[in-house]
Amino acid sequence: MVRFHRWRLRHVSERNFLLLLSVVIGIITGIIATIIKNTVWLTKRLVNRIVSDEVHNYIYFILPVIGILLTVLVVKYLIKKPVRHGVPNVLNSIANRNGVLSNHNMYSSIITSSLTVGFGGSVGLEGPTVATGAAFGSWISRVFRLEYRNTILMLACASAGAMAAIFKAPIAAIVFAIEVIMIDMTAFSLVPLLLSSASAVVTSYFFMGQDVLYPFDVEKTFSLDKLPYYILLGIFSGLVSAYFTKVYLFIADLFEKIKKARLRLLVGGFSLGTIIFLFPSLFGEGYEAINSCLDGNLKYLFNSSIFYDFQDSVFAVFLLLAAVILFKAVATSLTFASGGVGGIFAPTLFMGANAGMLFARIVNMTGIKELNSNNFALIGMAGLITGVLHAPLTGIFLIADISGGYKLFVPLMITATFAFVTTSVFTKNSVYHYQLARRKELMTHDKDKAVLQRMHVTNLIENDFEVLSPDSTLRDLTDVISRAHRDLFPVVDREGRLKGMVKMDDIRHLIFRPELYDKVQVSHLMYMPEHFISPSDSMEVVADKFETSGRYNIAVLDEGKYLGFISRARVFSSYRKNIRHLSHD
């Protein structure tokens, strides 16, 4: 490998090599999507063979528990390392681990998500596919010794490839990489993203056919008289998105307080089983239910349900549409909180389709306007993707891609825009970004913040300052000055606590007066500076302190103990270095 690395550096340009790797990663992610899809299909088929028709309805209560139990056991005894949620794990590796993902992610998410979803966990497969593809991208980057900025580009290519393959949506996949993974859109990064997305979707076509995920015939396109209703749908979608995010975070925080994994599994698993028993349409990914909803066939709400006898009741239809929207958020959150592995795209699409259908049917029932409920179900999916992910372009292009519904592009834009504005009022970050943002570790398209986030106080501390003790004399100070190359001298006691500082400018007039050498104490010459830096300070705080203080050197103190200084010049030099490492510009 060392020989190949040397040969590659001599004969293949960086750009051409990255283009080649992007195609390889695209093919790999296409194969990964195929494996995950088929593994889940085989798991479901096995489960259906085991379960008899006589107990089919009641088995919904226990199947998700079995799936999550198997997932927890696999993680604990076979993988022996935590399997984190897909997209947040990728974002965390970019922000905190230089794009490094553990090798077990190349297979662990495939196994665990297949068990979770195959046994009815109310989540999707997109997150695990992205995590697996990104793990291969990270591994390839390490094998070929790519620098940080190229590693991040490979992770973005893997994420785009995974989305393109799982949804057969190559355009939306690129937009996803830009909006959610936060890759910078530059001329350098665009072509690798295009290649990885295209190669992934072609691979997916080869193994799984070219049919779109949600075949949809647009009977009625955009008309101006329906504009207010697309706006209202956007607002409604934004409110439902905020509800989903709030419920997800509330249940996640609630279950974090339960320290025993066994208790989390029992409480979460059986709560999930109860919800799915009442509303069987919440079982698994829900793609069949979404397709039925887009066709205007709402029998999925009643099939295998205790409410089957009420399927001819209009009132029951409205109640069940509202119920599955509300409880899908709870079911998805419980699946994750109790130990399941999956993604949130499928639940979000499910809620969006049902929200759009409910909205259109309510308007139609009032008689104010006759809306095409199927169109509104499709557009509602874009509204929910936009609101939950805080990614309006992803919502627009994903729904247009997976349904072939580009004739509804204007309504998609209107609804997505108002959904984003509405949900932003209640939730500042998406489900993917929330935890990182709470820890102030989220990397965004703001390049200045992204660079500062990669810099750390402990890496910038300088220790080449001559230290004095409080009982030192002017003679001791002049001796120190004779060998020092700095003009600032910290005064530190025996316990390592900073007592003050002496500046050369303040004592210059004294060092040529030998008669004062033994009479003047350093403690009489020192001063206590106003500004300090803590090792826990973010670099944004450090930069603000330099700006407000006007100082060129600021002391670093850890609970009063002196650690060294950080200089303005060192910060600027590190900043410039990180800019070069981060950007292809």
Side-chain angles (χ1 to χ4, degrees), residues 36 39-40 43 47 59-93 96-97 101-132 135 244-277 282-285 327-344 346-347 431-432 434-436 438-439:
I36 288 182
T39 305
V40 170
T43 305
V47 170
I59 204 66
Y60 284 129
F61 183 76
I62 193 65
L63 275 180
V65 183
I66 296 173
I68 295 173
L69 172 62
L70 292 173
T71 300
V72 170
L73 292 176
V74 166
V75 171
K76 185 174 182 179
Y77 295 107
L78 293 182
I79 300 171
K80 298 180 181 180
K81 291 180 180 179
V83 180
R84 297 183 174 88
H85 301 319
V87 176
N89 192 27
V90 175
L91 293 171
N92 184 54
S93 74
N96 299 317
R97 301 197 300 271
L101 285 163
S102 301
N103 288 340
H104 75 80
N105 288 291
M106 291 190 286
Y107 59 87
S108 58
S109 290
I110 297 176
I111 301 170
T112 53
S113 64
S114 299
L115 292 171
T116 299
V117 178
F119 279 83
S122 201
V123 290
L125 297 172
E126 317 76 28
T129 308
V130 169
T132 306
F244 178 91
T245 303
K246 295 287 186 183
V247 168
Y248 179 90
L249 297 174
F250 172 77
I251 292 178
D253 290 341
L254 186 65
F255 273 70
E256 276 187 7
K257 298 175 183 177
I258 303 175
K259 301 303 179 185
K260 294 184 178 179
R262 186 181 305 173
L263 185 58
R264 286 198 300 270
L265 171 64
L266 291 174
V267 174
F270 283 107
S271 298
L272 173 64
T274 302
I275 292 172
I276 293 179
F277 170 74
L282 303 184
F283 185 89
E285 294 177 278
F327 281 102
K328 183 65 172 181
V330 178
T332 299
S333 304
L334 287 172
T335 303
F336 284 124
S338 54
V341 175
I344 66 169
V431 169
Y432 288 148
Y434 183 82
Q435 296 294 343
L436 286 172
R438 188 159 62 176
R439 297 194 300 265

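Positions are given from 1 along the sequence. Side chains are part of it too, since the values below use all heavy atoms of this structure and drop only hydrogens, waters and symmetry mates.
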* Heavy atoms, side chains only, cut-off 4.5 Å: are V330 and V247 in contact? -> yes
* Could you tell me which non-hydrogen atom of V123 sits nearest to which non-hydrogen atom of V341, and how far apart they are? => CG2-O, 4.0 Å
* Counting only N and O atoms by type, is there a donor-acceptor contact under 3.5 Å from the side chain of R84 to the main-chain atoms of N89? -> no
* Structure fact -> One should read off an interatomic distance between Y248 OH and L334 CG, to the nearest 0.5 angstrom, of 11.5 Å
* To do: Please report the closest heavy-atom contact between G67 and F119, naming both atoms and the distance.
  => CA-CB, 3.5 Å
* Structure fact -> Taken to the nearest 0.5 Å, the spacing of L69 CG from T116 OG1 works out to 11.0 Å
* Ring geometry between F277 and F61 (parallel below 30°, tilted from 30 to 60°, perpendicular above 60°) -> perpendicular
* Between S114 and T43, a side-chain donor and acceptor under 3.5 Å -> no
* To do: Over all heavy atoms of both residues, which pair between G124 and E285 is shortest? Give the atoms and the distance, please.
  => CA-CG, 4.1 Å
* Structure fact -> Nearest heavy-atom approach of P128 to G342 is CD-C, 3.5 Å
* Check the pair I62 / F270 against side chain to side chain contact (heavy atoms under 4.5 Å, CB included), numbers first and verdict last. => CA-CA 7 Å; I62 193 65; F270 283 107; 3.9 Å; yes
* Asked: How many angstroms lie between atom CZ of F336 and atom CD1 of I68, to the nearest 0.5 angstrom?
  -> 10.5 Å
* Asked: Between NZ of K328 and CD1 of I276, what distance do you get to the nearest 0.5 Å?
  -> 7.5 Å
* Search all heavy atoms of V40 against all heavy atoms of S113 and return the closest pair with its distance. => CG2-O, 4.5 Å
* **I79 CD1 to S102 OG distance, which is reported to the nearest 0.5 Å** => 11.0 Å
* Asked: Mind checking whether Y107 and H104 have parallel, tilted or perpendicular rings, split at 30° and 60°?
  -> perpendicular
* **Interatomic distance, L282 atom CG to I275 atom CD1 [nearest 0.5 angstrom]** => 7.5 Å
* Distance-only, no hydrogens or angles: does the T332 side chain make a donor-acceptor pair with backbone N or O of A329 under 3.5 Å? -> no
* To do: Grab the two heavy atoms, one from M106 and one from T132, that are nearest each other, plus how far apart they are.
  => O-CG2, 3.4 Å
* **Contact check, side chains of S109 and V83, non-hydrogen atoms, under 4.5 Å** => yes
